[in-house]
Amino acid sequence: MKRTHTCGQLRADHIDNTVTLCGWVQNQRDHGGVIFIDLRDREGLTQITFDPDICGADIHAIADRMRSEWVIQITGAVRSRGDNANKKMATGAIEVYVTSLEVLNKSETPPFEVDEHSKVGEEIRLKHRFLDLRRPSVQRQTITRHKITKIVRDYFDDEGFLDIETPILCKSTPEGARDYLVPSRVHPGEFYALPQSPQLFKQLLMMAGYDRYMQIAKCFRDEDLRADRQPEFTQIDIEMSFVDMDDVMQTAEGMVRKVWKDLLNVEVGEIPHMDYATAMLLYGSDKPDLRFDMKIVELTDWAPTSGFVVFAGAVENGGVCRALNAKGAAKDISRRQLDALTEFAKDFGAKGLAWIKIGDNGEWQGPAAKNITEEARIALGERMGVENGDLLFFGADTEKTVCNVLGNLRVELGVNRLGLTKSGQWEFLWLHSAPMFEYDEDERRYNSVHHPFTAPYPEELEKMETDPANVRSLSYDMVLNGVEMGGGSIRIHQPDVQARVFKALGISDEEAEEKFGFLLDALKYGAPPHGGLAFGLDRLVMLILELDSIRDIIAFPKTQKARDLMSDAPNLVDEKQLKELSIISSAPPRS
RNA sequence: GGCCUGGUAGCUCAGUUGGUUAGAGCGCCGGCCUGUCACGCCGGAGGUCGAGAGUUCAAGUCUCUUCCAGGUCGCCA
């Protein structure tokens with residue numbers, strides 16, 4: 001070994017020991033005589049001291065020329081810093097008086113300073129990610145991710161799960177997200193797809209009798225990126241046989257409890273359950289943020305009596321009328337902000353945003369206020385618990401639009417405008433029993449809300465053909481602070497049920513056979529009842545570290561245009577490579 | 001694909017109503033300094049104002065096109 005200790009290790013106990021350290025030069029403080037250097041590795045910083053009387057003129061001369069990010073090895077005696085101790089440093093009680101030095105590698109001046117306090121834009125960080133990853137905060141985040149995967153693996157191992165790898169080169173199925181395709185050289189014109197998730201393989205492992213499976217699996221989806229969406233991401237993927245919904249939820253919950261306990265020493269209690277219908281009604285969302293209250297209030301029965309044609313008309317056309325009461329927010333939200341919120345609401349499909357401010361004197365203000373009869377106003381006041389200083393927002397439209405608008409408005413108000421959330425809040429929720437199907441207006445057919453292998457409530461099976469929109473699934477999502485962190489379901493294990501689901505989705509027998517024949521086959525040979533779940537590992541790590549983007553906890557992430565700024569992937573390839581793969585590009589030539 | 005924000009020195013940013021030679025802090029280079037710790041002091045170098053076109057006597061600044069980064073809607077079974 002080239003070193004006896006790391007740069008985060010030495011304490012007063014080590015005084016008078018002779019040690020050898022390796023690391024990067026964080027900075028150099030040259031006092032003309034004595035030179036101080038902070039030496040950095042992933043464990044910390046240690047001050048090393050070059051005193052010409054101790055290290056000699058030759059070593060001192062090299063230290064004089066030493067610059068940031070040089071990699072050096074030094075040997076010397078650990079000394080107390082006495083009154084000069086630095087209380088801000090873990091190793092601040094000591095310093096190492098250098099007696100021997102080897103420069104392992106010099107460094108050019110880095111494009112940005114590798115330290116905590118200097119602000120650097122994300123673009124430049126990603127371009128030189130190998131330098132960015134040296135920064136202590138980024139290293140802490142990367143190490144936390146390792147710790148989490150270690151806890152997760154240990155937990156599932158203790159619970160009897162087997163870690164089994166599934167293929168990366170898979171069969172393409174045009175359902176769901178867009179696939180990343182990989183051309184086959186030996187089968188000209190044919191393609192593999194990278195997995196969107198190991199869904200079918202883990203089900204097949206249950207059918208193969210492996211009972212409890214887990215994998216930390218890379219997944220790929222060729223869709224547009226977001227702060228919490230990368231084209232390649234990682235799932236904590238599990239599947240279990242002979243279980244019902246509660247069994248899977250309990251097992252997954254145990255993992256979360258262990259991660260939060262071991263990492264943050266936070267006790268996550270029993271995670272509450274809420275069904276999909278309730279969530280949509282009260283929070284307008286399938287991932288409610290429970291860090292603050294502000295529930296949506298149903299006013300559909302009140303709207304026709306309100307005297308306001310916009311509210312009454314929406315209900316008359318088969319829509320709903322609902323509202324939010326932002327308690328005490330009248331003074332916090334200016335007229336200008338109300339205009340911005342109206343634009344915000346329009347982004348989610350609203351035609352406008354009716355609001356009412358209740359002044360401190362009890363006066364009702366705002367365009368909607370004038371249109372409401374005195375009688376309706378009293379009824380509304382009681383229904384919504386209105387007090388002076390409150391601010392009401394209304395949604396009157398189709399149920400889908402009202403949920404979308406008020407659900408998003410609620411989060412915008414609570415999180416961004418009123419600051420009702422705070423650091424260190426962990427509001428977990430199991431959201432269960434989502435509908436099996438959702439009608440697609442454009443394609444005029446039903447789509448799966450989860451995926452086509454999700455099992456329906458057995459007692460609702462009979463409605464599959466007559467009323468598919470009202471069949472609920474044995475599904476569950478884990479939501480944390482308004483972010484979907486994981487989701488899963490009990491799967492279909494009976495061939496006839498699977499056939500009926502395909503039929504409801506408008507997938508013909510031939511098509512089902514072509515795409516999923518292997519699964520349908522396996523169902524015929526004694527498939528056990530089974531179910532599972534997948535967590536988004538990136539999101540979990542992001543949330544636990546209270547970061548805003550999963551790019552921060554992925555070592556080499558991609559930009560919004562799915563490019564790796566460091567390696568410059570994707571790139572053009574040789575004609576020869578394309579020819580071998582029987583591919584002709586139709587992209588316009590580059591200038 | 002739509003909308004919004006940004007792109008000026010190596011980095012982070014300022015730059016007024018279109019008007020002289022485009023500035024600051026940090027970093028970098030040189031010098032001084034034996035107890036600093038984001039050391040200090042003195043001096044210096046460093047610019048395709050993302051790219052292209054246009055308007056104008058004159059463009060970092062106005063207009064159009066385009067590229068890049070971020071946010072968001074659509075999209076993400």
Side-chain angles (χ1 to χ4, degrees), chain A residues 26-39 45-54 60 64-65 67-69 79 81-89 91-92 95 97 108-128 131 173-179 196-197 199-200 219-231 233 340 343-349 404 408 412 416 434 436-438 440 442 446-454 473 475 484 487 489 501 505 507 515-516 536 548-549 551 558-561 563 565 590-591:
Chain A
Q26 177 71 45
N27 63 20
Q28 182 224 43
R29 295 180 292 277
D30 183 350
H31 286 258
V34 67
I35 295 171
F36 301 106
I37 280 175
D38 291 332
L39 197 63
L45 286 175
T46 300
Q47 174 166 291
I48 60 174
T49 305
F50 295 82
D51 184 324
D53 300 333
I54 292 168
H60 187 266
D64 186 51
R65 293 197 303 274
R67 292 295 178 264
S68 294
E69 302 309 312
R79 301 288 184 221
R81 283 163 76 172
D83 292 343
N84 293 316
N86 184 341
K87 293 190 177 64
K88 288 186 284 185
M89 287 172 79
T91 61
E95 63 193 326
Y97 268 72
E108 292 185 10
T109 303
F112 55 87
E113 293 160 66
V114 181
D115 60 24
E116 293 298 16
H117 49 84
S118 55
K119 276 200 306 176
V120 190
E122 194 174 7
E123 193 172 354
I124 200 82
R125 289 173 53 200
L126 291 182
K127 185 167 182 186
H128 307 276
L131 293 177
T173 53
E175 301 287 313
R178 204 173 287 119
D179 281 328
Q196 294 179 26
S197 84
Q199 183 60 37
L200 294 178
C219 304
F220 306 85
R221 294 179 190 176
D222 187 4
E223 296 293 348
D224 286 349
L225 284 75
R226 289 285 188 284
D228 61 353
R229 270 164 37 191
Q230 284 271 305
F233 62 102
E343 289 308 306
F344 180 86
K346 284 179 180 170
D347 285 345
F348 294 96
N404 201 21
N408 282 293
E412 173 68 14
N416 297 329
M436 284 285 287
F437 309 107
E438 185 179 43
D440 185 324
D442 295 334
Y446 285 96
N447 278 325
S448 294
V449 168
H450 280 84
H451 55 62
F453 319 107
T454 302
S473 60
S475 63
E484 182 192 331
S489 61
V501 169
L505 291 168
I507 298 172
K515 287 175 184 165
F516 308 113
D548 295 320
S549 166
R551 290 189 299 273
K558 293 185 175 54
T559 67
Q560 205 172 59
K561 282 249 161 60
R563 192 173 282 286
L565 291 180
R590 302 282 175 90
S591 51

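Below, chains carry the letters A, B, ... as their sequence lines are ordered, and counting in each starts from 1. Model, not experiment: these values are computed from the prediction.
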>> Whether the side chain of A:Gln26 engages the backbone of A:Leu45 through a donor-acceptor N/O pair (distance < 3.5 Å, no angle test) should be reported.
In response: no
> Contact class for A:Glu95 vs. all strands (heavy atom < 4.0 Å): base, sugar-phosphate, or nothing?
Replying inline: base
> Which nucleotide sits closest to the side chain of A:Pro52: B:U34, B:C11, B:U36?
Replying inline: B:U34
> If you pin A:Gln199 and A:Thr49 to their nearest nucleotides in RNA chain B, which one's is more 5'?
Replying inline: A:Thr49
> Can you tell me if A:His128 uses its side chain to pair, donor with acceptor, with the backbone of A:Phe112 under 3.5 Å?
Replying inline: no
> In whole angstrom, what separates A:Asp51's CG from B:U36's P?
Replying inline: 15 Å
>> So, does A:Arg29 get its side chain near the phosphate of B:U36, meaning an N or O under 4.0 Å from OP1 or OP2?
In response: no
> Which residue lies toward the 5' end of RNA chain B, A:Pro111 or A:Ser448, if each is placed at its nearest nucleotide?
Replying inline: A:Pro111
> With a non-hydrogen cut-off below 4.0 angstrom, is A:Ser197 in contact with a base, only sugar-phosphate, or nothing?
Replying inline: base
> What nucleic acid atoms does A:Leu45 come within less than 4.0 Å of, heavy atoms only: base, sugar-phosphate, or nothing?
Replying inline: nothing
> With A:Arg29, which residues qualify under side chain to side chain donor-acceptor pair (under 3.5 Å), at least two apart?
Replying inline: A:Asn27, A:Asp38, A:Gln47
>> Work out how far the C1' atom of B:G46 is from that of B:U21, and round it to whole angstrom.
In response: 16 Å
> Can you name the residues that form a ring pair (Phe, Tyr, Trp, His ring centres under 6.0 Å) with A:Phe220, not counting sequence neighbours?
Replying inline: none
>> With a 3.5 Å limit on both atom pairs, tell me what B:C11 is paired to, counting Watson-Crick and G-U wobble, or say none.
In response: B:G25
> Considering residues at least two apart in sequence or located in another chain, which fulfil the ring pair (Phe, Tyr, Trp, His ring centres under 6.0 Å) criterion with A:Phe36?
Replying inline: A:His31
> What integer distance in Å separates A:Glu116:CD from B:C11:C1'?
Replying inline: 16 Å
> What residues form a side chain to side chain donor-acceptor pair (under 3.5 Å) with A:Ser473, not counting sequence neighbours?
Replying inline: A:Ser475
> Starting at CD of A:Gln28 and ending at P of B:A38, how long is that distance when rounded to a whole Å?
Replying inline: 15 Å
> To the nearest Å, how far apart are A:Arg81 CZ and B:C39 P?
Replying inline: 12 Å
>> Taking the minimum atom-to-atom distance to the side chain of A:Val34, which one of B:A38, B:U34, B:U12 wins?
In response: B:U34
>> My understanding is that a pair needs two contacts under 3.5 Å, Watson-Crick or G-U wobble. By that rule, which nucleotide pairs with B:U61?
In response: none
>> Counting the atoms with a prime plus P, OP1 and OP2 as sugar-phosphate, which does A:Asn84 contact under 4.0 Å by heavy atoms, base, sugar-phosphate, or nothing?
In response: base
> For A:Thr49, what residues pass the side chain to side chain donor-acceptor pair (under 3.5 Å) criterion, not counting sequence neighbours?
Replying inline: A:Glu95
> Taking CZ from A:Phe112 and P from B:U12, how many angstroms apart are they, rounded to a whole number?
Replying inline: 9 Å
> Quantified in whole Å, what is the C1' atom distance between nucleotide B:U8 and nucleotide B:U61?
Replying inline: 11 Å
>> Over all strands shown, is A:Asp30 touching base, sugar-phosphate only, or nothing at heavy-atom distances under 4.0 angstrom?
In response: base
>> Quick check against the 3.5 Å criterion: does A:Glu223 have a side-chain atom that pairs as donor or acceptor with the backbone of A:Arg178?
In response: yes
> What residues form a ring pair (Phe, Tyr, Trp, His ring centres under 6.0 Å) with A:Phe233, not counting sequence neighbours?
Replying inline: none
> What is the base-pairing partner of B:C76, counting Watson-Crick and G-U wobble geometry with both distances under 3.5 Å?
Replying inline: none
>> I need a per-nucleotide contact map over nucleotides 26-31 of chain B, read 5' to 3'. Cutoff is protein heavy atoms under 4.0 Å; write B for the base, S for backbone only, - otherwise.
In response: SSSSS-
Quick test: give all pairs of protein nitrogen or oxygen and nucleotides 42-47 of chain B nitrogen or oxygen below 3.5 Å, distance rounded to 0.1 Å.
none

>> Can you measure A:Lys127 atom NZ to B:G7 atom P for me and round it to whole angstrom units?
In response: 18 Å
> What's the CD1-C1' distance between A:Ile124 and B:G6, to the nearest Å?
Replying inline: 15 Å
>> I'd like to know if the side chain of A:Arg551 and the backbone of A:Ala227 have a donor-acceptor N/O pair within less than 3.5 Å.
In response: no
>> With rounding to the closest Å, how many angstrom separate the P atoms on B:A38 and B:C28?
In response: 15 Å
>> Run the side chain to side chain donor-acceptor pair (under 3.5 Å) test against A:Asn416 and tell me which residues pass, sequence neighbours left out.
In response: A:Glu412
> Can you list the residues that meet the ring pair (Phe, Tyr, Trp, His ring centres under 6.0 Å) rule with A:His451, with sequence neighbours excluded?
Replying inline: A:Phe453
> For A:Phe36 and B:U36, are the ring centres under 5.5 Å apart with planes inclined under 30°?
Replying inline: yes
> Which nucleotides of nucleotides 68-75 of chain B have their base under 4.0 Å from a protein heavy atom (B), which only their sugar-phosphate (S), and which neither (-), written as one string 5' to 3'?
Replying inline: SSBBBBBB
> Rounded to whole angstrom units, what separation is found between the CG atom of A:Asp222 and the C1' atom of B:C76?
Replying inline: 11 Å
>> Strictly by Watson-Crick or wobble contacts shorter than 3.5 Å, is anything paired with B:G46, and which nucleotide is it?
In response: none
> Taking any strand in view, what nucleotide pairs with B:G6 in a Watson-Crick or G-U wobble way, both distances under 3.5 Å?
Replying inline: B:C68
>> Checking A:Asp115 now: which residues fulfil salt bridge (charged side-chain N to carboxylate O under 4.0 Å, His left out) with it, not counting sequence neighbours?
In response: none
> Which part of the nucleic acid, if any, lies within reach of A:Gly92 when heavy atoms closer than 4.0 Å are counted: base, sugar-phosphate only, or nothing?
Replying inline: nothing
> Taking OP1 and OP2 of B:C37, is either one under 4.0 Å from a side-chain nitrogen or oxygen of A:Asn27?
Replying inline: no
> Is there a donor-acceptor pair under 3.5 Å between the side chain of A:Ser489 and the backbone N or O of A:Thr454?
Replying inline: no
